[in-house]
K.L.:
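I'd like to ask you about the structure that follows.
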Number of protein chains: 6
Amino acid sequence: MAIIRAEISPRDQETKDKIIAELTDVLVRYGSPRENTHVLLYEVSHDNWAKGGLSYTRRAAQAKES
Amino acid sequence: MAIIRAEISPRDQETKDKIIAELTDVLVRYGSPRENTHVLLYEVSHDNWAKGGLSYTRRAAQAKES
Amino acid sequence: MAIIRAEISPRDQETKDKIIAELTDVLVRYGSPRENTHVLLYEVSHDNWAKGGLSYTRRAAQAKES
Amino acid sequence: MAIIRAEISPRDQETKDKIIAELTDVLVRYGSPRENTHVLLYEVSHDNWAKGGLSYTRRAAQAKES
Amino acid sequence: MAIIRAEISPRDQETKDKIIAELTDVLVRYGSPRENTHVLLYEVSHDNWAKGGLSYTRRAAQAKES
Amino acid sequence: MAIIRAEISPRDQETKDKIIAELTDVLVRYGSPRENTHVLLYEVSHDNWAKGGLSYTRRAAQAKES
C-alpha cells in the first residue's frame with residue numbers, strides 16, 4: 001500500500017490525470033497493490049508557496065523586473 | 001494532546017461538525033486533554049484524489065458507463 | 001473514502017489499536033466505506049512537539065520545578 | 001534544507017509575505033541554505049479547524065453569546 | 001516545482017532510491033524543474049497504519065489464521 | 001492559532017529548542033495566541049529525502065567523489 005501526496009502548481013485536469021496515473025505506476029512497480037495505492041494532489045497557489053523567503057509570485061515578479 | 005487531520009469528501013457543515021466532535025471524543029477517551037485536541041478537515045476534490053491510478057471523478061464516470 | 005492522520009504521544013499497541021478502530025468508526029458512520037477508510041498514527045516525541053514555544057519535554061520539566 | 005508548512009487563519013498577502021520571510025530566516029539562522037528553504041502556507045477555514053471538539057467558527061459564536 | 005511525500009511500507013535503500021528517482025521523473029515530465037523537485041519517503045510501521053479499522057499488522061495476522 | 005510543521009535534518013536538542021521558540025515567535029508576532037501556536041519537527045533521514053531525484057545521502061557521496 002502507498003499514499004502519495006504531491007504539492008504542485010495548478011494544472012489542467014488532463015495533466016493531473018496523467019500525473020496521478022504515472023505516480024501510481026511507480027509505486028505499483030515496487031510492490032504496492034494497485035487498488036491500494038492512493039494519490040492526492042494539492043495545487044498550491046504561488047502566493048502561499050515560497051523558496052528562499054519569497055513567494056513564487058514575488059520571485060516571478062522580480063525575475064520580470066530584472 | 002493530539003492533532004487529527006482528516007482528508008474527506010466535501011460535506012455539509014452539520015456533518016463536519018459531528019465528525020469533528022466525534023473524532024475529538026475518541027482521542028479524549030484515550031487521554032488527550034479535550035482543549036488540547038485539534039482537528040483539521042481537508043475536503044479534497046474528487047478530481048485531485050485517486051485510487052488505483054484513477055481520480056474518483058473518473059472512477060465514478062467509469063462506474064456509470066458500465 | 002477518508003484518510004485520517006493523527007499525531008499523538010507514544011502509546012502501547014493495544015491503545016493504538018482501539019484509537020484506530022474508533023477513529024475509523026466515526027468516518028464510517030458518516031458515509032466513508034469501511035475498507036476505504038485509512039488511519040495513520042504518528043507518535044511524535046515530546047522533544048519535537050511544542051506548544052507556546054516550548055517542547056512538551058520542557059513544559060513537563062518546568063511544571064515539575066514549580 | 002528545510003520544508004516548513006504552516007496552517008494558519010486566512011491573512012492578507014502582505015502579512016503572509018512577512019510570515020514566509022521570517023519563518024525562512026529562522027531556519028537559515030540554524031544552517032538551512034536559504035535557497036533550499038521552502039515554506040507553504042495553508043489558510044484553513046475556521047469551519048474546518050477545531051479545538052476541543054468545536055470548530056473555531058462555533059467557538060467564536062459561543063463566545064459572542066456568552 | 002513539486003514536493004512529493006509518499007507513505008510506504010519499509011523498503012531497502014536500493015528500492016527507495018529507485019522510487020525516489022522515478023517519482024521525480026514523473027513530475028519533471030510534466031514541467032517541474034528537476035532541481036526543484038523534492039521527494040520525502042515516510043516508512044510507516046504496519047502497527048501504525050490501518051485500513052478498515054485494523055492495522056496492517058493485525059490484518060496480516062488474521063489472514064494467516066483464516 | 002497556528003500549527004507549524006518543519007521537516008529538517010536531524011539536529012541536537014538545544015538547536016531544536018531554539019528553532020521551536022523562534023518559529024513560534026514569528027506566528028505570535030502576526031497574531032497567533034502564544035499558547036495556541038504549535039510546532040512539530042520532523043527530522044527526516046537523508047536517505048529518505050531527495051532533491052533532483054537523488055537522496056541527500058547520495059548527493060553528498062557524489063559531491064565527495066567529484
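Nothing here was measured: the structure is a model prediction, and the numbers come from that model. Labels below follow one simple rule: chain letters A, B, ... track the order of the sequence lines, proteins then strands, and each chain is numbered from 1.
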K.L.:
Can you tell me which of Asn36(B), Thr37(B), Leu40(B) forms the most heavy-atom pairs within a distance under 4.5 Å of chain C?
P.N.:
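Sorted descending by pairs with chain C, the first entry is Asn36(B).
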K.L.:
Just by distance, with hydrogens left out, do Ser55(B) and His46(B) show a side-chain donor and acceptor under 3.5 Å apart?
P.N.:
no
K.L.:
Quick check on Gln62(C): does its CD atom have over 12 non-hydrogen neighbours (other residues, nucleotides or ligands) under 6.0 Å away?
P.N.:
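Yes, enclosed.
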K.L.:
Check the pair Ser9(C), Met1(B) against side chain to side chain contact (heavy atoms under 4.5 Å, CB included), reporting the backbone distance first and the verdict last.
P.N.:
CA-CA 7 Å; Ser9(C) 299; Met1(B) 59 277 197; 3.9 Å; yes
K.L.:
Which is it for Trp49(C) and Ile3(B) under the side chain to side chain contact (heavy atoms under 4.5 Å, CB included) test, yes or no, and what are the steps along the way?
P.N.:
CA-CA 11 Å; Trp49(C) 194 350; Ile3(B) 302 174; 4.1 Å; yes
K.L.:
What is the minimum heavy-atom distance between Ala2(B) and Ser32(B), and which atoms define it?
P.N.:
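Nearest heavy atoms, Ala2(B) then Ser32(B): N-OG, 3.4 Å.
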K.L.:
Check whether Tyr56(C) gets within reach of chain B through its side chain, its backbone, both or neither, counting any heavy atom under 4.5 Å.
P.N.:
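Tyr56(C) touches chain B through side-chain heavy atoms alone.
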K.L.:
Check for a donor-acceptor pair, side chain of Arg5(C) on one end and backbone N or O of Leu41(C) on the other, with a separation under 3.5 Å.
P.N.:
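Not at all, since once roles are kept as given, no pair shorter than 3.5 Å links the two residues.
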K.L.:
Quick one: of Val39(B), Ile4(B), Val44(B), who has the most non-hydrogen atom pairs under 4.5 Å with chain C?
P.N.:
Ile4(B)
K.L.:
Quick check on the structure: residues of residues 19-30 of chain B within a heavy-atom distance below 4.5 Å of chain C, by number.
P.N.:
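Within residues 19-30 of chain B, the residues under 4.5 Å from chain C are Ile19(B), Glu22(B), Leu23(B), Val26(B), Leu27(B), Arg29(B), Tyr30(B).
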K.L.:
Please check if any side-chain donor atom of Asp12(B) sits under 3.5 Å from a side-chain acceptor atom of Thr15(B), or the reverse.
P.N.:
yes
